[in-house]
Structure formats: C-alpha cells, structure tokens
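Written below as structure tokens is the structure these notes are about.
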Amino acid sequence: MPLKHNLRVIPFFSDLTDDVLDAISQRLQREHYHKGATIVQEDDPGDCLYIIESGQVKVVTEKSGQEKIHAYLGPGNFFGEGSVLLSEKRSATVKVVIDVELLVLRRDDLEDLLKQHASIALTLTRELSRRLGRTLQTPVQSEEFNIVACIGASTPQLARYLAELTGEAVLVIDLGGLANVTLDAQWLREARVEFLRGTDSINAENLPNRLSQAVERYYWVFLAVAPYETPATLKAMELSDITLSLGAGDATWIRSLAPKGHWSSPDNEKSLRRMARKIAKRLIGIALSSGNARGFAHIGVLKVLEENNIPVDMIAGTSAGAVFGSLYAAGRSIQEVIFFAENIQRQYNFLTGFRYWDFRLPPRSGVIKGNMVLKYFQQWLANKTFDDLEIPLYIIAADVISGEEVVFDRGPVAEAVRASMSVIGIFEPAQVSGRHLIDGGAVNPVPSQLLADKGIDIILASSVIPNLEDRLNRRELKREGRAPNVIGIVMGAMEIMESEIIKTRMGPVDVLIEPNVGQYGTLEYDKVHEIIQRGEEAARLKVPHLKQLLAPRPRLPLSPRG
C-alpha cells in the first residue's frame, strides 16, 4: 500500500492535499521499536520528529529519580517536535509500550517542507495548540495495567468485575486461552465485556498492530492466552503490562517468562473482585490505631464497612488495631470479634482473669510475662501465619533497644500481636528474632504510610487516640481529684506520646474515621458495646464519601490510555 495512503488515514495529515502528502512521503523513513525500548532520552539533543503509524508509546520524565508518566500516545500522534522546531534538548523520554512502527522526519527535511508548503505549518500549529490544551488539563499519570495477559478460564468473570468497578467496557481477545470455554453472548453484553475470538485472525506477528487499534477504543484489554508456551502467548506476555494466572496450576514457567511481572489469584468471586480492584488501582486498605479499650471502636468501623459492601484489601494495625485487625484478617466474623471483645473485661481483670496472666515476681522488665496471652491469641487465630490470612496484614511493633519500627508480615500472627500490644512496664518485651519488642504505638500509632508504601490506592484510617484537648475534657479523674493508679499513669503517658507522634508520623489518608471515644479511659473494657457503637457512628458518617471514591468513573476517550 502506498505510503501516501497510510498518511491519509492519520488524523494529523488527513486535511492535507495529495501533492503535499506526496512531498512528505518522499522525506519520511520507517523505524521499528520493540516494547520497552527507549526512542528518545530526556536532555539528549534531537533532530527528528516521530509520527506513530502503529503501536503505543509513553512520554515520561525521570529527573526526580522516579518515572512520571505525562501521556500515552498511539497511532496518528507525533513527538519530538520541540527539539526539531526549537533546536532544544529533548524535554522528555519516550518509551515503547506496544511494539511501534514510526515514520521519522528529520529537521532538514521538515524545514524544506515548511518553506515549500505553508499548509504543513498551519496543520502543525493547530496540533501543537490542541496538545498544549490537553496537557494543561491532564494530570501526571501513574503506571497502569490496561493490557493484561490472562491465563485461566475465569478471565471473562474477571473482565466483568472490572467493568462493573470502572464503568468501562472491557475487551477480551481470545488467543487460545478460552478455546474450551462456552460463553453466553447475552451475558457478555450485559456485563459490558466485548469478546473477540482471535485464534484465526490474530497471531504473534500482527498482534502489536491489532492491539494498538484496540487501545484506541478500549481502556482495558485482556489477552486470554493458552496455559503453555506458544508464539502468541509469549508475544502477548511481552506486550502486556502484567501477566495474570487465575486458579490453581503451576505458575513457575509464567514467572520465568513474564517480562513485566506476574500476579496470581484464586478463581473464586472474592479473590477475582480483589484482583479487579488491583488492576484498576482501587485497592482499599485500612490502618487501625493503637488505643487499648478505645480500640473496640475499630470493630464498629469494620462492621459498617462490611454492611455497606466496602471491601478491605489490606490491614495495618498497631496494638489494639493489631488485635482486632488480625482477627478480622484471619476470617473471624464481626460477631466472633465482638464476642472476643466482650470477654476481655473478664480476662483482663486481675481477680477473675488470673488464668490469663503470668505475673513476673518480682517484676523485671514488666509485670506480666505474656506467655498466657500469646497462647490465647494462638487459639483465636488458629495458629495461622501471615500467609494463611484471608486479608493481607501488617502489624507494627517497636524495638525497645534501638527505637526502630518493626513491621511483621510473615511468621506466626499471634507472636506479632503479642509484640505489638506489649505496653512498656506492663508486659515484658516480646523476644522475636533477637529483638526486644514493645507496643507499636511508641513509634507508629496509625500506620497509614505503610499502606501507601504497599501500593494501596484508597487509604482509610480509624484513629481512636484522643488529642490533648480531649484529655483536658475528660471527666471523673479531673472532677474528683483522684490520682490514677500505676497502670493508668503508664497508659496515660503512652496516650500523650502517641497523640504527639501522630502529628508527624501519620501518612496519607483518603478517609479518616475518628470515633468519639475521648471520654473513655484506656482500661474501660466494660464499656465494650458503647465504644463499638461510637465506631459505627463515626464510620457511617464517612460511607457516602467512601462510595463516591468507589463509584465507576468512565474516562473520556481523549487519547489512547485516557
């Protein structure tokens, strides 16, 4: 096919006359680049303008040491014009996302064409103006997972959950992975899943071009590949942003071949919906603060989230937050967690709960050894390790010697909980891997930053730590003039310290839930139902905002990839 015809279908050239297109086509050269290649490098000199014939690139800057994505460009777009027109260094780096065919025009050739054909200058000016307007409106983009190579028969179900979550149609291209799967056309339409059986018409050679056309129309494209090595499977994995295996099966060969990384997921509904949130960057995590008895409010918060179908994809907990967060992550129901909380008063009473306490006489580094508490948590957590949990969990403790924050994410969960709740002076420090660990509230009372570091997109925090104003307004002790007991003094000192740490340590939070529990003391375990109710009340106030954050937000097709 003549190059002039190819230029005619590119929007940038569509209004130019035949004689102008003839002149341009005589100056153009073709270049091909594979996925991952760098075409131009930021700050390098440049004398070429590039026009994308097929494929896709991303425009990034890297001066800060972290890649910032400014745009994805597909067929008909061009880049490199700044260096050519202004003789300046490259202002950004351009990398290949989908194998790309480029038409290259060098500076000398462009200058000659502009002198001979004024219409080219007009077309170029209009395009630059349009692009500037879009740049001003479009924020810096983050790396996304729009093209996914999927291995597993539940690929259509995952596509449906992604469509429900985002409000956007999902294109599934079958490259052999769904050959034995019967699909209902009406179900696909209702689910907003477009299906293309590509086994006869799409192969490893033409997949880049077909894929570059697909991303012009669809924000999400799933490539359903065969669960073994074929040319189409390998090419799809190369072109995808991530490779995903669904259900059981040996994924060793996938991990070794997937160039952009590999995720896996069970093929049950709960796991597939979580995977859809991960692909769409809608993962939800909650940080549960320390707070002793006031930590009962976390139960009310989790109860309201569950009642409103707001999922929790990750939990980070400190002290009381570690206690209730671990039970929930281990699969205990809200009613079971409430039952656990109701029994704490009896268990923590030094008279009726003696079988739960192993006193250290005479006291050394704490009044209580903590071995009985550890056994109790082992029973409630069924001796689970972090790998056994239904929800990923991180627990915070502090090294009493070095002052370092210690994050538990592996090993027995009960040991981590025992360490995180070890109030200094009350419990002996927990000895784990040669460290002496105490209550995590000493270093990170509301561990929301950890959720951000782990890739959570929507961060919730439930904080039951009263500020100093709440403490000044506290009731009985102040009114009656009674001095607090030793435990009250230690807990009060921790509370003051935690409220100050929060001012500098609490990381990014999208929704902050602050139950009104300042009037309760740290040891008022008999007020369990009142405190849980305070958590419910505070969480319900935030439900509309949470649902707004999770609402489908279809993107306008301004350009490839949004």
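Computation of the quantities below employed the complete heavy-atom set of this structure, encompassing side-chain atoms and omitting hydrogens, waters and symmetry-equivalent molecules. None of these values were measured; they are calculated from a predicted model.
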Pick out which of Ile315, Asp313, Val511 makes a side-chain contact (heavy atoms from CB on, under 4.5 Å) with Ile286.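 With Ile286 as partner, Ile315, Asp313, Val511 yield a single side-chain contact (heavy atoms from CB on, under 4.5 Å), made by Ile315.
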
Can you confirm whether [X] sits close enough to [Y] that some side-chain heavy atom of one is under 4.5 Å from a side-chain heavy atom of the other?
X	Y	answer
Tyr161	Met275	no
His70	Lys58	no
Leu244	Ile279	yes
Asn292	Tyr525	yes
Met314	Leu451	yes
Phe408	Phe386	yes
Ser289	Thr318	no
Val60	Lys68	no

Examine distances only and state if a side-chain atom of [X] and a backbone atom of [Y] form a donor-acceptor pair shorter than 3.5 Å.
X	Y	answer
Ser319	Ser290	no
Thr166	Leu162	yes
Glu168	Tyr219	no
Thr93	Glu42	yes
Asn343	Phe339	yes
Arg160	Val193	no
Asp399	Ile401	yes

Can you sort out the partners of Glu190 under side chain to side chain donor-acceptor pair (under 3.5 Å), two or more places apart, ordered by chain and number?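 In terms of side chain to side chain donor-acceptor pair (under 3.5 Å), with neighbours along the sequence ignored, Glu190 is linked to Gln186.
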
Electrostatic pair [X]:[Y] at N-O distance under 4.0 angstrom:
X	Y	answer
Arg273	Glu164	yes
Arg534	Glu530	no
Arg274	Glu390	no
Arg435	Glu404	yes

Pair up each side-chain donor or acceptor in residues 320-334 with any protein partner under 3.5 Å, not counting sequence neighbours, and list the distances.
from: Ser326; atom 1: OG; to: Ala322; atom 2: O; distance (Å): 2.9
from: Ser326; atom 1: OG; to: Val323; atom 2: O; distance (Å): 2.8
from: Tyr328; atom 1: OH; to: Glu306; atom 2: OE1; distance (Å): 2.7
from: Arg332; atom 1: NE; to: Trp380; atom 2: O; distance (Å): 3.0
from: Arg332; atom 1: NH1; to: Glu336; atom 2: OE2; distance (Å): 3.3
from: Arg332; atom 1: NH2; to: Trp380; atom 2: O; distance (Å): 3.0
from: Ser333; atom 1: OG; to: Glu336; atom 2: N; distance (Å): 3.1
from: Ser333; atom 1: OG; to: Glu336; atom 2: OE1; distance (Å): 3.4

Donor-acceptor list for residues 452-460 side chains, cut-off 3.5 Å, not counting sequence neighbours:
from: Asp453; atom 1: OD1; to: Gln449; atom 2: NE2; distance (Å): 2.9
from: Asp457; atom 1: OD2; to: Arg282; atom 2: N; distance (Å): 3.3
from: Asp457; atom 1: OD2; to: Leu283; atom 2: N; distance (Å): 2.9

Which heavy atom of [X] sits nearest a heavy atom of [Y], and at what distance?
X	Y	result
Ala341	Phe296	CB-CE2, 3.5 Å
Ala287	Val446	CB-CG1, 4.3 Å
Pro515	Ser463	CD-O, 3.5 Å
Cys150	Thr155	CB-OG1, 3.3 Å

Ignoring hydrogens and geometry beyond distance, is a side-chain donor-acceptor pair present between Asp439 and Ser422 at under 3.5 Å?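 Side-chain D/A pair, Asp439 to Ser422: absent.
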
What I want to check is whether the side chains of Thr243 and His262 have a donor and an acceptor closer together than 3.5 Å.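 No, no side-chain donor-acceptor contact under 3.5 Å.
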
Side-chain donor-acceptor contacts of residues 537-552 below 3.5 Å, not counting sequence neighbours, with atom names and distances?
from: Arg540; atom 1: NH2; to: Glu536; atom 2: OE1; distance (Å): 3.0
from: Lys542; atom 1: NZ; to: Leu512; atom 2: O; distance (Å): 3.4

Trp263 ring center near Phe145 ring center (under 6.0 Å):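 Judged by ring-centre distance (under 6.0 Å), Trp263 and Phe145 do meet the cut-off.
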
Can you list everything that forms a salt bridge (charged side-chain N to carboxylate O under 4.0 Å, His left out) with Lys384? Sequence neighbours excluded, please.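 Lys384: no salt bridge (charged side-chain N to carboxylate O under 4.0 Å, His left out) contacts found.
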
Of all residues at least two apart in sequence or in a different chain, which pass the side-chain contact (heavy atoms from CB on, under 4.5 Å) check with Ser271?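 Ser271: side-chain contact (heavy atoms from CB on, under 4.5 Å) contacts with Ser265, Pro266, Asn268.
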
